[in-house]
S.K.: 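Before I ask anything, let me first share the structure, which is written out below as structure tokens.
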Amino acid sequence: MRSSRPATSPRSSRSPFTSSGRSSRPRLRARPAVLLAGAAVVGALLTAGAGTARAADAPLRDLAAAQGKAMGTAVTGSKLTGTYGDIAGREFSWLTPGNAMKWGSVEPAQGTFDWAEADRIVNFAEAHDQDVRGHTLVWHSQNPSWLTDGSWTPARLGTLLHDHIDTEVGRYKGRVAAWDVVNEPFNEDGTYRSTLWYDGLGADYIADALTWARAADPAARLYINDYNVEGVNAKSTALYDLVKSLKERGVPIDGVGLQAHLILGQVPSTLQQNIQRFADLGVDVAITELDVRMQLPSDSAKLARQAADYQAVMNACLAVTRCTGATVWGFADSDSWIPDTFPGQGAATPYDENYAPKPAYRAIAEALGGTTTEPPTGACTAAYSVTGQWNTGFTGQVRIACSGAALSSWKVGWNFGAGQQIAQAWNATCAQSGAAVTCSNASYNGTVPDGGSVTFGFNGSWSGSNPVPTVTLG
Ligand code: 9MR
């Protein structure tokens with residue numbers, strides 16, 4: 001299934017207006033910080049009725065791109081519509097399937113494959129100009145029972161693993177930017193975890209898996225991913241020693257994933273130092289599964305502490321060039337694994353169950369250099385931003401968001417101050433008379449629920465300057 005975004009969107013259609021290709025956000029290979037191309041994201045935001053001007057709230061992915069980083073989230077494919085889909089597409093530049101690419105999901109019976117949810121996520125990512133982090137090829141958990149219950153000779157087990165990697169990486173060749181090839185290979189004390197793979201094939205199952213993944217898609221970045229390896233400790237040192245020896249042996253390894261399933265108030269003080277030591281080995285580092293859990297119920301003090309924790313993780317990544325970015329393990333509390341696994345705990349993600357951003361969201365944005373404002377209660381707001389600009393043309397968007405209020409239809413208006421002219425709009429009907437532009441909802445997006453948002457876009461022309469107009473929402 002393709003995106004919910006109509007095909008006229010320049011992001012999905014890759015129209016000539018965006019022929020420079022994918023935007024200025026970073027690819028999964030680490031690179032120095034760059035500024036957003038063109039006009040970057042600037043905006044004006046007015047509260048409905050009240051008319052108070054506010055600073056723009058740029059999406060996290062744009063803020064991250066301006067820092068040379070990416071911001072990602074784990075997603076559930078079946079949820080990628082409505083508000084969940086809007087947020088996933090708008091705020092994040094990486095998507096990780098939370099479960100859809102695990103062996104047990106893709107090959108439930110031997111030789112019988114189900115790629116539906118994985119395909120859905122990859123298609124969504126492509127329609128929203130996002131990279132996919134494939135997760136995960138070799139793990140001790142969420143394997144199909146035919147595999148775990150079978151009795152295999154080492155040779156047969158190796159062939160099964162090789163075929164699995166060939167099949168899955170091959171299927172998404174060129175479409176998955178990075179793979180968590182091996183997941184969670186270590187015990188807490190730094191010894192190898194006893195698993196189907198280690199017990200059957202020995203420690204070189206890791207080198208073999210990486211080599212097979214490289215052969216199946218030479219362009220994909222290959223990672224080893226683990227938890228409790230965020231600070232300097234016995235487990236992260238074992239991972240460090242492994243990566244060092246793999247590099248020395250010429251085994252393909254491009255990065256390490258630090259999962260970062262953290263407990264409130266317990267961000268390791270050695271996080272940045274640890275990221276740096278992996279970077280110094282010549283590999284990328286990604287924060288791959290960030291969440292910060294707390295004892296429920298949450299309260300404002302805990303949420304403030306959590307915000308500081310998120311900010312500390314972002315700051316550590318920002319401080320190291322080879323830290324490519326951070327992925328949250330589910331962006332909303334309603335889509336988090338924590339309550340099921342740690343009874344009584346939760347509220348671990350940056351959005352609450354109703355998709356309202358929490359202090360942690362604002363902390364991430366601020367760490368990434370953004371300014372954020374909390375919308376006043378009981379208001380719908382419209383924010384105008386220029387998302388791309390070239391010689392004589394530009395792409396703009398307006399986001400209408402409601403909090404404590406809702407709309408069943410909408411109309412926004414503005415006056416262009418420098419002769420700009422709208423050429424084409426999507427997700428709205430727009431008309432321009434002289435400088436005055438009015439845009440009203442399309443048949444399918446007049447409803448903006450409490451806690452939800454709608455975005456429409458347009459291409460226009462400009463010359464001389466392209467100032468951001470003041471937008472009114474009526
Ligand atoms: O988020 C995943 C959850 O839905 C599954 O039930 C769980 C099963 O183990 O796996 C979760 O994701 C895990 C990830 O794949 C690897 N690191 C730990 C994550 C949380 O358990």
Side-chain angles (χ1 to χ4, degrees), residues 3-12 41-59 62 80-91 127-128 351 354-357 361 372-388 394-417 420-460 467-474:
S3 126
S4 55
R5 189 187 291 255
T8 46
S9 160
R11 255 191 189 154
S12 60
V41 175
V42 287
L45 192 150
L46 293 182
T47 59
T52 317
R54 293 180 161 267
D57 292 351
D62 295 344
L80 283 169
T81 57
T83 305
Y84 183 96
D86 287 347
I87 295 172
R90 183 184 72 237
E91 297 286 336
H128 293 80
Y351 286 82
N354 301 313
Y355 301 125
Y361 172 91
T372 64
T373 49
E374 281 200 69
T377 30
C380 296
T381 59
Y384 177 112
S385 55
V386 175
T387 55
F394 71 102
T395 300
Q397 70 172 38
V398 173
R399 177 173 173 245
I400 299 151
C402 293
S403 177
L407 296 171
S408 55
S409 67
W410 46 262
K411 186 183 242 189
V412 296
W414 65 86
N415 284 312
F416 276 135
Q420 300 102 315
Q421 206 54 47
I422 283 202
Q424 171 208 9
W426 49 93
N427 294 341
T429 305
C430 294
Q432 181 165 357
S433 167
V437 177
T438 50
C439 297
S440 49
N441 60 270
S443 58
Y444 51 85
N445 65 358
T447 302
V448 187
D450 183 3
S453 67
V454 164
T455 300
F456 69 89
F458 50 88
N459 288 325
V468 170
T470 300
V471 182
T472 54
L473 173 63

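Just so it is clear, the values below take in all heavy atoms, side chains as well, and ignore hydrogens, waters and symmetry mates.
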S.K.: How long is the span from the NZ atom in Lys411 to the CD1 atom in Ile400, to the nearest 0.5 Å?
M.R.: 12.5 Å

S.K.: Return the minimal non-hydrogen interatomic distance between Leu407 and Cys402, and the atom names on each side.
M.R.: CG-SG, 3.9 Å

S.K.: Run the ring-centre check on Phe458 versus Tyr384 and record whether the distance is less than 6.0 Å.
M.R.: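 Yes, the ring centres sit under 6.0 Å apart.
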
S.K.: Can you tell me if Gln432 uses its side chain to pair, donor with acceptor, with the backbone of Gln420 under 3.5 Å?
M.R.: yes

S.K.: Identify which one of Tyr444, Trp426, Trp410 satisfies the ring pair (Phe, Tyr, Trp, His ring centres under 6.0 Å) criterion when paired with Phe456.
M.R.: Trp410

S.K.: With rounding to the nearest 0.5 angstrom, report the SG to CD1 distance, Cys439 to Ile422.
M.R.: 5.0 Å

S.K.: Step by step, work out the side chain to side chain contact (heavy atoms under 4.5 Å, CB included) result for Cys380 and Val448.
M.R.: CA-CA 9 Å; Cys380 296; Val448 187; 5.6 Å; no

S.K.: In the structure I gave you, are the side-chain heavy atoms of Pro59 and Arg399 within less than 4.5 Å of one another anywhere?
M.R.: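 Heavy-atom side-chain distance check fails, nothing below 4.5 Å.
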
S.K.: Do Asn445 side-chain atoms and Val454 backbone N/O form a donor-acceptor pair below 3.5 Å?
M.R.: no

S.K.: Looking only at heavy atoms, what is the nearest atom pair of Val471 and Ala382, with distance?
M.R.: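 Smallest interatomic distance, heavy atoms only, reads CG1-CB, 4.0 Å.
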
S.K.: What is the distance from atom CG of Asn427 to atom CG of Asn441, rounded to the nearest 0.5 Å?
M.R.: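 Going from the CG atom of Asn427 to the CG atom of Asn441 covers 11.0 Å.
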
S.K.: Looking only at non-hydrogen atoms, find the nearest pair between Tyr351 and Glu91 and report the distance.
M.R.: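 Scanning both residues, the minimum pair turns out to be OH-CG, 3.4 Å.
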
S.K.: Of all residues at least two apart in sequence or in a different chain, which pass the ring-ring contact (aromatic ring centres under 6.0 Å, His included) check with Tyr355?
M.R.: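 None.
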
S.K.: What are the two closest non-hydrogen atoms of Ala428 and Ala425, and how far apart are they?
M.R.: O-CB, 4.1 Å

S.K.: Distance from Ile87 atom CD1 to Leu80 atom CG, nearest 0.5 Å?
M.R.: 11.5 Å

